[in-house]
Trainee: 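Below you will find the structure I want to go over with you.
None of the values given here were measured: they were computed from a predicted structure. Both counts, for ligands and for their atoms, begin at 1 and track the order of listing.
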Amino acid sequence: MAKRFENKVVIVTGGTSGIGLATAKAFADEGASVFITGRRKETLDGAVKTIGGRVTGVQGDMSKLADIDRLYDAVQQNHSQIDVVFANAGGGEFAALGSITEEHYQSTFDTNVKGVLFTVQKALPLLRDGGSIVLTSSTTSISGTPNFSVYSATKAAIRSFARNWILDLKDRHIRVNAVSPGVTDTAGLNELFGGGEQASGTKDYLAGLIPAGRVGQPEEIAKAVLFLASDDASFVNGVELFVDGGQAQI
Ligand SMILES: NC(=O)c1ccc[n+]([C@@H]2O[C@H](COP(=O)([O-])OP(=O)(O)OC[C@H]3O[C@@H](n4cnc5c(N)ncnc54)[C@H](OP(=O)(O)O)[C@@H]3O)[C@@H](O)[C@H]2O)c1
């Protein structure tokens, strides 16, 4: 079968772990030249080895504009254009209303909103007309979770970006879609849930609330991202695709 991303250049921010890592690997397996980012050098180097194929790791914090510039400088050293941007770097912590600090607000919005905004904006001069942008939102964009309001607000902002940017990019025929994972088994999620047995217990509990009866795997989110990024989704624009075992529909 023909590889869907042969000769394509794909950016995956936060491509060193979880959903980003699985998606970067899936793009590389389908023939793409992939650029991944992450802040931790060792994890970045490990991910480059795991992904194999044509992959380049660029260490950087996507909430910092100079680091985003370095990412696109690295791309330009070998490529004249980008085909796909998967703006995925993100994360969150619990904080109840009443104990939200300025630092919590700032770090969550800086990575999840500012980072995604400038990752996309700074890609535009290189992104080819007809290219595709996929943003990682979350089921929390439309639902409430105790002690998770700041994170959830960032993901609602991301969903809103997709709606608006399809208008800004209309003349260039660039599609923008959001993927909204539900509970997905990643290092980031395990850390959020306190690690070890505590995290396993929380995931088991949540699995019982999901119509599919289980949590998701990063590879399942990756398949949806590749669909949205590919020509198979040529008339899919501005949507939020929930990949959550049905959680957001009940
Ligand atoms: N897992 C879930 O249940 C779930 C559900 C809905 C949405 N999501 C979203 O999916 C995305 C990926 O999450 P995940 O669960 O795969 O988490 P993960 O396993 O913690 O992976 C997060 C990735 O993003 C990178 N990263 C974080 N902050 C960054 C920054 N400021 N600059 C550059 N890279 C950064 C991390 O590397 P470094 O730490 O080394 O920078 C890592 O590569 C996030 O946007 C998250 O909000 C996850």
Trainee: When you measure from atom 32 (N) of ligand 1 to each heavy atom in K114, K64, M62, which option holds the nearest one?
Mentor: M62

Trainee: Can you see which heavy atom on A229 is nearest to which on F27, and at what distance?
Mentor: CB-CZ, 3.8 Å

Trainee: Taking only heavy atoms of G60, which atoms of ligand 1 are found under 4.0 Å from at least one of them?
Mentor: 32 (N), 33 (C)

Trainee: Short list, please: which atoms of ligand 1 are under 4.0 Å from a heavy atom of G188?
Mentor: 17 (O), 18 (P), 19 (O), 20 (O)

Trainee: Please state which option from T140, T16, I19, T154 has its nearest heavy atom closest to atom 16 (O) of ligand 1.
Mentor: I19

Trainee: Under a 4.5 Å cut-off applied to non-hydrogen side-chain atoms, are I51 and V34 in contact?
Mentor: no

Trainee: May I ask which of N190, V243, T186 has a heavy atom nearer to atom 15 (O) of ligand 1 than the others do?
Mentor: T186

Trainee: If you compare all heavy atoms of D83 against all heavy atoms of R128, which two are closest, and at what distance to 0.1 Å?
Mentor: OD1-NE, 2.5 Å

Trainee: Within ligand 1, which atoms have a heavy atom of Y151 less than 4.0 Å away?
Mentor: 6 (C), 7 (C), 8 (N), 9 (C), 46 (C), 47 (O)

Trainee: Heavy atoms, side chains only, cut-off 4.5 Å: are F86 and V179 in contact?
Mentor: yes

Trainee: For D129 and I174, which heavy atoms make the closest approach, and how far apart are they?
Mentor: CA-CG1, 4.4 Å

Trainee: Give the atoms of ligand 1, by number and element, whose distance to some non-hydrogen atom of P181 is under 4.0 Å.
Mentor: 5 (C), 6 (C), 7 (C)

Trainee: Distance to 0.1 Å, residue and atom name: give those for the protein heavy atom nearest to atom 39 (O) of ligand 1.
Mentor: R39 NH2, 2.9 Å

Trainee: Please examine the side chains of V84 and I11, heavy atoms only from C-beta on, and report whether any two atoms are closer than 4.5 Å.
Mentor: no

Trainee: Could you check whether K25 pairs with E30 (Lys NZ or Arg NE/NH1/NH2 to Asp/Glu carboxylate O, under 4.0 Å)?
Mentor: no

Trainee: Quick one: look up the protein heavy atom nearest atom 40 (O) of ligand 1 and list residue, atom name and how far away it is.
Mentor: R40 NE, 2.7 Å

Trainee: Does some side-chain heavy atom of E42 sit less than 4.5 Å from a side-chain heavy atom of L44?
Mentor: no

Trainee: Can you list the atoms of ligand 1 that are under 4.0 Å from a heavy atom of T136?
Mentor: 9 (C), 10 (O), 11 (C), 45 (O)

Trainee: Strictly below 4.0 Å, N to O, side chains only: are D185 and K203 in salt-bridge contact?
Mentor: yes

Trainee: Are R70 and D73 ion-paired here, with the side-chain N under 4.0 Å from a carboxylate O?
Mentor: no

Trainee: For atom 22 (C) of ligand 1, tell me which residue out of G20, G90, G182, S141 has the closest non-hydrogen atom.
Mentor: G90

Trainee: Check whether any side-chain heavy atom of Y151 sits under 4.5 Å from a side-chain heavy atom of F109, and report yes or no.
Mentor: no

Trainee: Determine whether T119 and Y72 make a side-chain contact, defined as any pair of heavy atoms from C-beta on separated by less than 4.5 Å.
Mentor: yes

Trainee: Can you tell me the protein heavy atom closest to atom 1 (N) of ligand 1 and the distance?
Mentor: T184 O, 3.1 Å

Trainee: Give the atoms of ligand 1, by number and element, whose distance to some non-hydrogen atom of D61 is under 4.0 Å.
Mentor: 30 (C), 31 (N), 32 (N)

Trainee: Quick one: does N88 get a heavy atom under 4.0 Å from ligand 1?
Mentor: yes

Trainee: With heavy atoms only and a cut-off of under 4.0 Å, state how E191 meets ligand 1: side chain, backbone, both or neither.
Mentor: neither

Trainee: Which heavy atom of the protein is the closest neighbour of atom 35 (C) of ligand 1, given with residue, atom name and distance?
Mentor: A89 CB, 3.7 Å

Trainee: What atoms of ligand 1 come closer than 4.0 angstrom to any heavy atom of A187?
Mentor: 19 (O)

Trainee: Which atoms of ligand 1 sit under 4.0 Å from any heavy atom of S137?
Mentor: 7 (C)

Trainee: Nearest to atom 25 (C) of ligand 1, what protein heavy atom do you find, and at what distance?
Mentor: G14 CA, 3.5 Å

Trainee: Given S17, G115, G18, which one has a non-hydrogen atom that is nearest to atom 18 (P) of ligand 1?
Mentor: S17

